[in-house]
Number of protein chains: 2
Amino acid sequence: MAFKRPPTAQEAVLEELRRAILAGELKPGTQIVQDAFAERLGLSRVPVREALKILEGEGQVRYSPHHGYFVTELDVNELLEIYRIRELLESEAVRLSVPLLGDEDLARLEQAIEDMAEASGRKDIVALTAANRRFHFSLFEPSGMHRMVRLIRQLWDSSDPYRSLYFGEPVHRDAVDREHRQILKAARRRDSEGLVHLLDEHRSHAIDELKKILGEEAS
Amino acid sequence: MAFKRPPTAQEAVLEELRRAILAGELKPGTQIVQDAFAERLGLSRVPVREALKILEGEGQVRYSPHHGYFVTELDVNELLEIYRIRELLESEAVRLSVPLLGDEDLARLEQAIEDMAEASGRKDIVALTAANRRFHFSLFEPSGMHRMVRLIRQLWDSSDPYRSLYFGEPVHRDAVDREHRQILKAARRRDSEGLVHLLDEHRSHAIDELKKILGEEAS
DNA sequence: CTTCGGAACACTGTATACATGATCCGATGT
DNA sequence: ACATCGGATCATGTATACAGTGTTCCGAAG
């Protein structure tokens, strides 16, 4: 029976920071005061700082010496850039993955779709985005390109706070569900190019909505 | 008169770590003992740890909880993966950049070529690789895709220790010089596709040599 | 001779305490 | 009234000290 307790405090902080950012408790642009956050977790500032350094490397927070750490806010252009890079990398990953997909991989895709439906019913956005991730990364990981998958994960992390806005709307959740099922079919057919195309559309739908949301936010 | 002294100690450590890794003082696979490195710089371990965390995020060092930090060693497959990702991202960046290239950008390219020739004469590998970076990134930065350029920079960082092996050989330095001049010509013609093609070849030459070097190392 | 257990060591992980730099605000002078 | 200077305050940056974990090596038992 393996406990999930992380081996170091930094990792615990890291998890909590990620969760807080994802859940919108730490909104883009706000400063993360080390003292406050450390006290909240009952730890000292050192592990907090180290976790923040990791997030800095991933681009999740912005760092200014002697000023501190701030949750990065993305403008529309940056979001578009992220999606463009994702398109390049994910297409490549999928092309490598699809021919290698095994039954377990397909099962994992199906399971992720069901998990999303279940989480959607409970209106549990965190679980929803987690299952969404499992779905997509089940398509990338069989490629065996660890480094590439890691970069893709970074890109996902960067846009997480915005994606959770997207999942807030039930309409979008339904659309995502339909598209995922189509993607699963393409995977079953081992149709790489079809799958790449479906993913492109999938992303562009998300972009359209995110543009709207960001547009409203700016007004 | 602005001193170049970094505002924080971590940054000083970071510079020194990068330099040491690039210069081969810290060989891939060796552990970086925090105490030892801190003492060497006359600092405490805290800023050293923080600098290491940044490098971890960039993939320059590997971290294992309670075991410490090790300079990452790349196997051939990982190196190939890095070059494949670079191909995807750099091609895109260049396609966006070339139409936007101004006279200053072309001048910078020419300057970088001259700097490399000069550094090559002095057998200053560090200056050589620095100028090489300036050359290539002058082709990426005008794209305006900050995030993409940053990712490309990470990939370059990861393979730096190996690239400096490559530059060790005068034969390779001459080949690189010739190829850079061809690339500059294509840039002057604003020939995006030609430039992308030249860059592809440029990279694959480097890969061929790196394979050899790594192959010998394994034996 | 091999294997198992445990104690000592070394290094990392974290907390506490102190130093430094930045910002804000009011006082002072023009 | 306004600009400038200076100090108080806050958050960050760093050092020191201690705790925890993993490893190694040695000795005893089988």
Side-chain angles (χ1 to χ4, degrees), chain A residues 1-21 25-73, chain B residues 1-21 25-73:
Chain A
M1 175 96 183
F3 282 94
K4 273 209 300 189
R5 188 193 53 164
T8 65
Q10 335 164 3
E11 300 201 19
V13 177
L14 197 55
E15 274 183 27
E16 173 60 12
L17 277 169
R18 283 193 205 283
R19 195 200 55 71
I21 292 175
E25 293 173 24
L26 293 172
K27 295 218 174 72
T30 61
Q31 180 170 12
I32 300 175
V33 180
Q34 303 173 6
D35 264 324
F37 206 83
E39 193 177 3
R40 167 173 155 185
L41 297 183
L43 298 167
S44 86
R45 270 171 40 220
V46 178
V48 175
R49 293 172 61 82
E50 308 209 336
L52 285 168
K53 273 278 179 295
I54 294 177
L55 291 178
E56 182 199 352
E58 294 176 359
Q60 292 260 73
V61 301
R62 187 170 49 81
Y63 169 66
S64 173
H66 298 294
H67 288 244
Y69 296 86
F70 301 81
V71 183
T72 53
E73 25 188 0
Chain B
M1 180 82 188
F3 282 94
K4 271 209 301 190
R5 187 192 54 164
T8 65
Q10 335 166 1
E11 300 202 19
V13 177
L14 197 55
E15 275 184 24
E16 173 61 12
L17 276 169
R18 283 192 205 283
R19 194 200 55 71
I21 292 175
E25 293 173 24
L26 294 173
K27 295 219 174 71
T30 61
Q31 180 170 12
I32 301 176
V33 180
Q34 303 172 6
D35 263 324
F37 207 84
E39 192 178 6
R40 167 172 155 185
L41 298 183
L43 298 166
S44 87
R45 269 171 41 218
V46 178
V48 175
R49 292 173 61 82
E50 307 208 338
L52 284 169
K53 272 278 180 294
I54 295 177
L55 291 179
E56 182 199 353
E58 294 176 359
Q60 291 261 74
V61 301
R62 186 170 50 82
Y63 168 66
S64 174
H66 298 293
H67 289 244
Y69 296 87
F70 301 80
V71 183
T72 52
E73 27 189 359

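Because only heavy atoms are used, hydrogens play no part in the values below, and waters and symmetry mates are left out as well, while side chains stay in. Bear in mind that the values here come from a model prediction, so they are computed numbers and not experimental data. Chain A is the first sequence line, chain B the second, and so forth, proteins listed ahead of strands; every chain is numbered from 1.
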Within residues 45-54 of chain B: residues closer than 4.0 Å to DNA chain C (heavy atoms):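 Contacts with DNA chain C under 4.0 Å: B:Arg45, B:Arg49.
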Interatomic distance where CD belongs to B:Gln10 and P belongs to C:dG21 [whole Å]: 14 Å
Separation between OH of B:Tyr69 and CD1 of B:Ile32, rounded to the nearest 0.5 Å: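 B:Tyr69 OH to B:Ile32 CD1: 9.5 Å, rounded to 0.5 Å.
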Donor-acceptor contact present, side-chain A:Gln60 to main-chain A:Ile54, <3.5 Å: no
Whole angstrom value for the distance that separates P of D:dG13 from CG of B:Leu14: 14 Å
Separation of D:dG20 P from A:Leu43 CG (nearest whole Å): 14 Å
Rounded distance [0.5 Å steps], CD in B:Glu25 versus CG in B:Leu17: 10.5 Å
Atom pair CD/NZ of A:Glu50 and A:Lys53 - distance to nearest 0.5 Å: 9.5 Å
Nearest to side-chain heavy atoms of A:Thr8, which nucleotide of D:dA15, D:dT12, C:dG13: C:dG13
Integer-rounded Å distance: D:dA15 C1' and B:Leu41 CG: 15 Å
Interatomic distance where CD belongs to A:Glu11 and C1' belongs to C:dG13 [whole Å]: 12 Å
Atom pair OG1/CZ of B:Thr72 and B:Arg62 - distance to nearest 0.5 Å: 8.5 Å
Distance below 4.0 Å between A:Gln31 side-chain N/O and D:dA11 OP1 or OP2: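 Checking A:Gln31 against D:dA11: no side-chain N or O falls below 4.0 Å of OP1 or OP2.
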Distance in angstrom units between B:His66 NE2 and C:dC11 P, rounded: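 B:His66 atom NE2 is separated from C:dC11 atom P by 16 Å.
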Side-chain N,O (B:Gln34) to OP1/OP2 (C:dG13) below 4.0 Å: yes
Distance in angstrom units between A:Asp35 CG and C:dT14 P, rounded: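 About 17 Å, once rounded to whole Å.
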Phosphate-side-chain proximity, A:Tyr63 and D:dG13, N/O vs OP1/OP2 below 4.0 Å: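 Indeed, a polar side-chain atom of A:Tyr63 lies that close.
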Euclidean distance, atom CZ of residue A:Arg62 to atom P of D:dT12 [Å, nearest integer]: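 A:Arg62 atom CZ is separated from D:dT12 atom P by 13 Å.
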D:dT23 OP1/OP2 closer than 4.0 Å to side-chain N/O of B:His67: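 Yes.
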CD on B:Glu73 to OG1 on B:Thr30, rounded to 0.5 Å: 8.5 Å
Charged N-O contact under 4.0 Å between B:Arg18 and B:Glu15: no
